[in-house]
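Heads up, the thing below is written out as structure tokens.
Just so it is clear, the values below take in all heavy atoms, side chains as well, and ignore hydrogens, waters and symmetry mates. Treat the numbers as computed from the prediction; the structure is a model and nothing was measured. In each ligand, atom 1 is the first atom listed, and ligand 1 is the first ligand listed. We're numbering straight along the sequence, starting at 1.
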Amino acid sequence: MKNLFTPFSIKNCQLKNRIVMPGLASFLIEEDGSYSDKTIEHYRLRAAGGPSMIIMEAHGVAPEGIVSKHQARIYDDRFIEDLTRVASVIKAEGAVPAIQIHHAGRQVPARVINRKPFAPSSLPCPAIKGDVEPLTVEAINKIVSQFGDAAERAVQAGFELIEIHGAHGYLINQFLSGFSNVRKDEYGKDTEGRSRFAREVIREVRKRIGREFPISFKISAQEFVPGGLTTEESIEVLKFLVPEGLDIIQVSAGNDATPEWICQPMFMKKACLVDSAEKIKAALDIPVMVVGRINDPLVADEIITEGKADLVCMGRGLLADPELPNKAKEGRLEDIRICIACNTCMQSIFRKGRIECLVNPVLGREKEMEIHPAKTLKKVMVIGGGPAGLSVARIAAKRGHNVSLYEKQSILGGQLVLGSLSFYKKEMLNLINFLKKQIDKYNVTCHMNTEVTVDIIKKNRPDVVVMATGSVPIKPPVEGIDLPLVVTVPEFFNGMKQVILKVIVIGGGPTGCEIALDLSERGPSVTLVEQLSQIGIQIEAMTRKILLQKLKKNNVQILTEHRLSKVSESGVFLKDKSGNELFLEADSVIIAVGNKPENTLLDKLKQVGLEVYQIGDCVDVRSAKEAIYEGAVIGRTI
Ligand SMILES: Cc1cc2nc3c(=O)[nH]c(=O)nc-3n(C[C@H](O)[C@H](O)[C@H](O)COP(=O)(O)OP(=O)(O)OC[C@H]3O[C@@H](n4cnc5c(N)ncnc54)[C@H](O)[C@@H]3O)c2cc1C
Ligand SMILES: Cc1cc2nc3c(=O)[nH]c(=O)nc-3n(C[C@H](O)[C@H](O)[C@H](O)COP(=O)(O)O)c2cc1C
């Protein structure tokens, strides 16, 4: 790595390398806005992992400017104590503490702030909907002043750089963009007018904190909506903003209508915003940092080496592996747990109100999941080499246990291998490879092509058995299900049966959708049949949005509220809710209606009387996230 670990400075702020952790809402903030020990530990670990700067997550400058009750805040002096604590912890670990200041504008439900959200114009947030209150000039002035107050508090708390959040469809972005700002006064009309609010905010912040203090501005340089910012217009905007006192720009993308450009899912290519950053850097005499799917230190190094940006931000990459910078610097690339852009982090925030990571089960639980060496070393037998088995083997062996893993197939990875075969999910392989290398590193003995039986277990005399036997596909008990044109999910992905011409996929869950998309990219005519009223409801929102767009573009026929009733030599019979029957011709019928736990061995084992744990899909069919998490928990328990 030639240039990623070279120093850089922004005014008097000295950065030891080019890796920055950008703002990432941690959802580890208490409802009253205070930090818990978890918040501090989360940031301590990330600072210790080796980035040059940590930009703390978006901190609300006003009570009505927060997006959620778990957002961090800086609108009152009472927050300064916690802010000081975290800034000093980050600094003590060797990173520059920076903080992002933010106002959500229209992008908050009224129930969170107990009033109508503010906005530049009377256009509601496309995602949240609901009435908004267009800002008067007096109210604008108040918010400008609140940004100034926030900046003063940040300096008082010991932060060394302030970032103004001008991106992602929040208030400043709402003003900048013709998509959300249709004002006719001096705060609207044209690029100059729409940038007035941002200019006033920067000017106020600069006035409060003095000439020498570095200020960053995060911009969604491309919004991908009609009337929204493009890189070209963003350059014009920045020509107004930079002279007000900016020292660096963070180039991002997306707004409240295009969140898939904020947290780009697997569909998007790595480092997808670098072209935009490069253009901005070339047009303006100011350093630029770039964010977006930069999950790999080699890619990051290339960006710096080619001069496309001065700094690279790694967001989800540092959630997945806080030690990524140190590991990259030491050349331990195989030890890095690469972010696979599955957006479990976002999904868990929206659906559960807490942050989780598929590849990093420890995220948000750093303290409670610390690893300690085992007190009594045991002989551990892990049955199944899927994500659950690999995860438990890794942790148990790391703690010193003598671990053997048994897998009946010739490869490790379990069903996740199938899950990595679609054209847009290849990065899943990074996860499997990481787990495989880890079990090698900790000397787990692997017995491949070995289907474990009770006799094998008795012969091995383990102290502990961990069942991680996964699940097997469900075949609906309908007439014709064993006909040659019927294909199971493993048969499809392993190419064991040819799938041709007219294909019907039964089951519109994640796997059925994935198969339909994969096939439709290759040619066959595809119909996707689902018994519910919608397809892919379990899929993370941004991934689902792109997936549905692609299915539509590829002319995949979607038939909801129908279930399979019979298969014939020439097609399928389906029934709707009222019992009406429909026949569809098909050359191949792929059955993707889900799996059931594989527990045949467990039932027999119960009589043997060993210490047995059960993890992953064999407990209940879910996803790789639960499999890895449960492995990580049991690995720490044994
Ligand atoms: C097409 C597809 C796409 C998917 N995509 C995703 C995704 O994007 N994200 C996600 O989170 N999840 C995804 N999943 C689900 C995910 O793969 C599973 O939830 C996960 O693999 C479960 O892990 P596991 O280790 O519990 O079980 P498995 O992965 O099923 O592994 C169990 C292993 O045990 C072995 N085994 C069973 N019995 C024995 C025995 N007696 N002796 C020795 N070995 C035995 C099996 O051969 C297998 O390798 C996908 C699944 C499929 C099929
Ligand atoms: C869980 C989560 C929380 C985020 N919170 C913020 C935030 O507080 N401020 C911000 O500017 N961006 C936020 N983002 C966006 C990231 O800073 C970054 O722009 C985006 O994740 C793309 O970069 P990455 O591929 O390196 O993750 C968040 C992203 C995620 C996944």
Considering heavy atoms of the protein only, find what lies nearest to atom 20 (C) of ligand 2 and give residue, atom and distance to 0.1 Å. I262 O, 3.2 Å

Would you say atom 50 (C) of ligand 1 has a protein heavy atom nearer than 4.0 Å? no

Could you verify whether a donor N or O on one side chain and an acceptor N or O on the other, from S26 and E57, lie under 3.5 Å apart? yes

Between C272 and K269, which heavy-atom pair has the shortest distance, and what is it? CB-O, 3.2 Å

Which of the numbered atoms in ligand 2 are below 4.0 angstrom from a heavy atom of R293? 24 (P), 25 (O)

Between S471 and ligand 1, find which residue part has any heavy-atom pair under 4.0 Å and reply side chain, backbone, both or neither. backbone

Show me which atoms of ligand 2 lie under 4.0 Å from any heavy atom of C345. 31 (C)

Heavy-atom distance to atom 9 (N) of ligand 1: which of K408, M428, R622 wins? M428

Would you tell me whether E260 and T258 have side-chain atoms, one donor and one acceptor, within less than 3.5 Å of each other? no

Check for me whether E514 has a heavy atom closer than 4.0 Å to any atom of ligand 1. yes

In terms of atom number and element, which parts of ligand 1 are under 4.0 angstrom from non-hydrogen atoms of T511? 1 (C), 2 (C)

Among all protein heavy atoms, pick the one closest to atom 5 (N) of ligand 1 and tell me residue, atom and distance. K425 NZ, 2.8 Å

Just checking, is any N or O donor in the side chain of E356 or S348 under 3.5 Å from an acceptor N or O on the other one? no

To the nearest 0.1 Å, how far is atom 53 (C) of ligand 1 from its closest protein heavy atom, and which atom is that? Q415 OE1, 3.5 Å

Counting only heavy atoms, tell me which of M56, M21, Q100 gets closest to atom 9 (N) of ligand 2. Q100

side-chain hydrogen bond (donor to acceptor under 3.5 Å, both in side chains) with K475: which residues, sequence neighbours excluded? D482

Counting heavy atoms under 4.0 Å, the part of H102 that contacts ligand 2 is neither

Contact partition for T453 relative to ligand 1, non-hydrogen atoms under 4.0 Å: neither

Residue part near ligand 2, for A58, under 4.0 Å between non-hydrogen atoms: both

Among side-chain atoms of E407 and T450, is any donor-acceptor pair under 3.5 angstrom? no

Is there a donor-acceptor pair under 3.5 Å between the side chain of Q107 and the backbone N or O of H168? yes

Atom indices of ligand 2, in the order listed, that fall short of 4.0 Å to a heavy atom of C263: 21 (O), 29 (C), 30 (C), 31 (C)

Do Y406 and N449 pair up side chain to side chain, a donor and an acceptor below 3.5 Å, judged on atom types alone? no

In ligand 2, which numbered atoms sit nearer than 4.0 Å to a non-hydrogen atom of V291? 18 (C), 19 (O), 22 (C), 23 (O)

Could you pull out, from G386, P387, P510, the option with a heavy atom nearest to atom 23 (O) of ligand 1? P387

Verify whether one side chain among Q264 and N343 offers a donor that lies under 3.5 Å from an acceptor in the other. no

Hey, looking at atom 19 (O) of ligand 2, which of M346, E163, K218 has the closest heavy atom? K218

Considering only heavy atoms, which of S252, S220, G23 lies nearest to atom 6 (C) of ligand 2? G23

Any luck finding a side-chain donor-acceptor pair between S276 and T231 under 3.5 Å? yes

Where ligand 2 meets I349 - atom numbers and elements under 4.0 angstrom, heavy-atom basis: 1 (C)

Could you list which atoms of ligand 2 come closer than 4.0 Å to a heavy atom of Q264? 22 (C), 25 (O)

Relative to the ring of H165, is the ring of Y170 parallel (under 30°), tilted (30 to 60°) or perpendicular (over 60°)? perpendicular

Is it true that R622 and D617 have a side-chain N and a carboxylate O under 4.0 angstrom from each other? no

Applying a 4.0 Å heavy-atom criterion (strictly less than), which segment of D617 is in contact with ligand 1: side chain, backbone, both, or neither? both

In the structure I gave you, are the side-chain heavy atoms of F493 and S422 within less than 4.5 Å of one another anywhere? yes

Of the listed options V417, T450, V452, closest to atom 41 (N) of ligand 1 (non-hydrogen atoms): V452

Hydrogens and angles aside, do E540 and T344 bring a side-chain donor and acceptor to less than 3.5 Å of each other? no

So if I count the atoms of ligand 2 from 1 in the order they appear, which ones are less than 4.0 Å from some heavy atom of G315? 24 (P), 26 (O), 27 (O)

Going by atom types only, do Q174 and D256 share a side-chain donor-acceptor pair under 3.5 Å? no

Nearest neighbour of atom 4 (C) of ligand 1 from the list S410, G419, G384, G385, on a heavy-atom basis: G419

Part of A468 with heavy atoms under 4.0 Å of ligand 1, whether side chain, backbone, both or neither: backbone

Give a yes or no on this: more than 12 heavy atoms of other residues, nucleotides or ligands lie within 6.0 Å of atom NZ of K426. yes

Near P22 (heavy-atom distance under 4.0 Å), the atoms of ligand 2 are 17 (O)

